[in-house]
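These notes are about the structure you will find just below.
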Amino acid sequence: GARVAAERAREYEMFRSGGEDSPILAKDVGSFLPLAYFPVDELYAVPAQLAPADEQVSLQMPTSTGKLRNTTRIGTLEFSLRGQSMKLTAFLEDGSRRLFVPFSDLTSGTETYQAGRYMNLDPTPTGIYIVDFNVAYHPYCYYNPEYDCPLPPKENRLTLPIRAGERLRAADTTTSR
């Protein structure tokens, strides 16, 4: 939990500044901060095996602004969550070494941002990753429509609610943005 808390504190400070690094415009800081999270739950941090793609295919992922983002599908993370076998496709964005894992679930649009959430995973030499939904976060386009955010592909729509990571503030769940 300490690692998750440190990451959240770092993000909060960056967002609170309303500066160049923050996706939140200075005038909107009060609308979005403090960020809301589900309680940290270690049951949502599970080991996953990366099954590499047969070939690394470059593809253009549609984004929130209607543009296309170049990504490479590098494989499938296979894991078990709450007794169910699951898979999420992992991507590499141009210029990044971290796995990019966009997903949506049954909280999307009610308890979390309708377009889904993201996780970033540091590369490992073993192909074993920890998929930790406690660090799932809303894409920057949630805070600012000027941002261009890749939309999770159909295969990354999980069929259960993931009540971990960033969530909408209580006031936000009654009105859609």
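No path of Ile, Leu, Val, Met, Phe, Trp and Tyr side chains, each step under 4.5 Å between heavy atoms, connects Met119 with Ile130, placing them in separate hydrophobic clusters. Both Leu33 and Tyr113 belong to a single network of hydrophobic side chains, linked directly or stepwise wherever heavy atoms of I, L, V, M, F, W or Y lie under 4.5 Å apart. Hydrophobic clustering of Ile, Leu, Val, Met, Phe, Trp and Tyr side chains at less than 4.5 Å, counting indirect connections, unites Leu160 with Leu88. A continuous path of ILVMFWY side-chain contacts below 4.5 Å connects Leu158 to Leu121, so both sit in one hydrophobic cluster. In terms of hydrophobic clustering, with Ile, Leu, Val, Met, Phe, Trp and Tyr side chains grouped at heavy-atom distances under 4.5 Å, Tyr129 and Leu81 are assigned to a common cluster.
Residues that satisfy the side chain to side chain contact (heavy atoms under 4.5 Å, CB included) test with Ser80, not counting sequence neighbours, are absent from this structure. Partners of Arg157 according to the salt bridge (charged side-chain N to carboxylate O under 4.0 Å, His left out) rule, which considers only residues two or more places apart in sequence or in another chain, do not exist here. Considering only residues two or more places apart in sequence or on other chains, Gln60 meets the side chain to side chain contact (heavy atoms under 4.5 Å, CB included) condition with Leu68, Asn70. Checked against ring pair (Phe, Tyr, Trp, His ring centres under 6.0 Å), Tyr118 has the following partners two or more places apart in sequence or in another chain: Phe100, Tyr137. Checked against side chain to side chain donor-acceptor pair (under 3.5 Å), Thr124 has no partners two or more places apart in sequence or in another chain. With sequence neighbours excluded, the residues forming a ring pair (Phe, Tyr, Trp, His ring centres under 6.0 Å) with Tyr147 are Tyr140, listed by chain and number.
A donor-acceptor contact shorter than 3.5 Å is absent between the side chain of Thr72 and the backbone of Ile74. Judged by distance alone, with hydrogens and angles left aside, the side-chain atoms of Asn134 form a donor-acceptor pair with the main-chain N or O of Asp41 at under 3.5 Å. Remark: the backbone N or O of Asp148 is not paired with any side-chain donor or acceptor of Thr65 at under 3.5 angstrom. Between the side chain of Arg16 and the backbone N or O of Val29, no donor-acceptor pair lies under 3.5 Å.
Using a cut-off of 4.0 Å between Lys/Arg side-chain N and Asp/Glu carboxylate O, Glu11 and Arg8 are scored as not salt-bridged.
In this structure, SG in Cys141 is found 7.0 Å from CG in Leu151, a value given to the nearest 0.5 Å. A distance of 9.0 Å separates CZ of Arg167 from NE2 of His138, quoted to the nearest 0.5 Å. In this structure, OG1 in Thr71 is found 11.5 Å from CD in Gln56, a value given to the nearest 0.5 Å. Note that CZ of Phe38 and CZ of Arg163 are 6.5 Å apart. Values are rounded to the nearest 0.5 Å. In this structure, CZ on Arg10 lies 8.5 Å from CZ on Phe15, to the nearest 0.5 angstrom. Between atom CG of residue Leu59 and atom CZ of residue Arg73 there is a gap of 5.5 Å, rounded to the nearest 0.5 Å.
Residues Pro102 and Pro153 form a side-chain contact, since some pair of their non-hydrogen atoms from C-beta on lies under 4.5 Å apart. The closest side-chain heavy-atom distance from Phe103 to Phe133 is below 4.5 Å. Side-chain contact between Val101 and Val131: absent, with no pair of heavy atoms (C-beta onward) separated by less than 4.5 Å.
Tyr143 approaches Pro23 most closely through the heavy-atom pair CD1-CG, 4.0 Å. Closest non-hydrogen pair, Ala164 versus Ala136, comes out as O-CB, 4.4 Å. Shortest non-hydrogen contact noted between Leu77 and Phe79 is O-CD2, 3.7 Å.
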Sequence neighbours left out, cut at 3.5 Å: what donor-acceptor pairs do the side chains of residues 89-99 make with other protein atoms?
{"unit_1": "Thr89", "atom_1": "OG1", "unit_2": "Glu155", "atom_2": "OE2", "d": "3.0"}
{"unit_1": "Glu93", "atom_1": "OE2", "unit_2": "Arg69", "atom_2": "NH1", "d": "2.6"}
{"unit_1": "Ser96", "atom_1": "OG", "unit_2": "Arg98", "atom_2": "N", "d": "3.2"}
{"unit_1": "Arg98", "atom_1": "NE", "unit_2": "Asp122", "atom_2": "OD1", "d": "2.8"}

For residues 42-55, which side-chain donor-acceptor pairs fall under 3.5 Å, sequence neighbours excluded?
{"unit_1": "Tyr44", "atom_1": "OH", "unit_2": "Arg82", "atom_2": "NE", "d": "3.3"}

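In this structure, Val40 belongs to a hydrophobic cluster whose other members, linked by side-chain heavy atoms under 4.5 Å apart, are Val4, Val135.
Between Tyr142 and Phe32, the distance separating the two ring centers is shorter than 6.0 angstrom.
Applying the salt bridge (charged side-chain N to carboxylate O under 4.0 Å, His left out) test to every pair with at least one member in residues 134-146, sequence neighbours left out, gives no pairs at all. Residue pairs that meet the salt bridge (charged side-chain N to carboxylate O under 4.0 Å, His left out) test with at least one member in residues 125-144, sequence neighbours left out, are Arg3-Asp132. Residue pairs meeting the side chain to side chain donor-acceptor pair (under 3.5 Å) criterion with at least one partner in residues 100-109, sequence neighbours excluded, are Asp105-Thr107, Asp105-Arg117, Thr107-Thr112.
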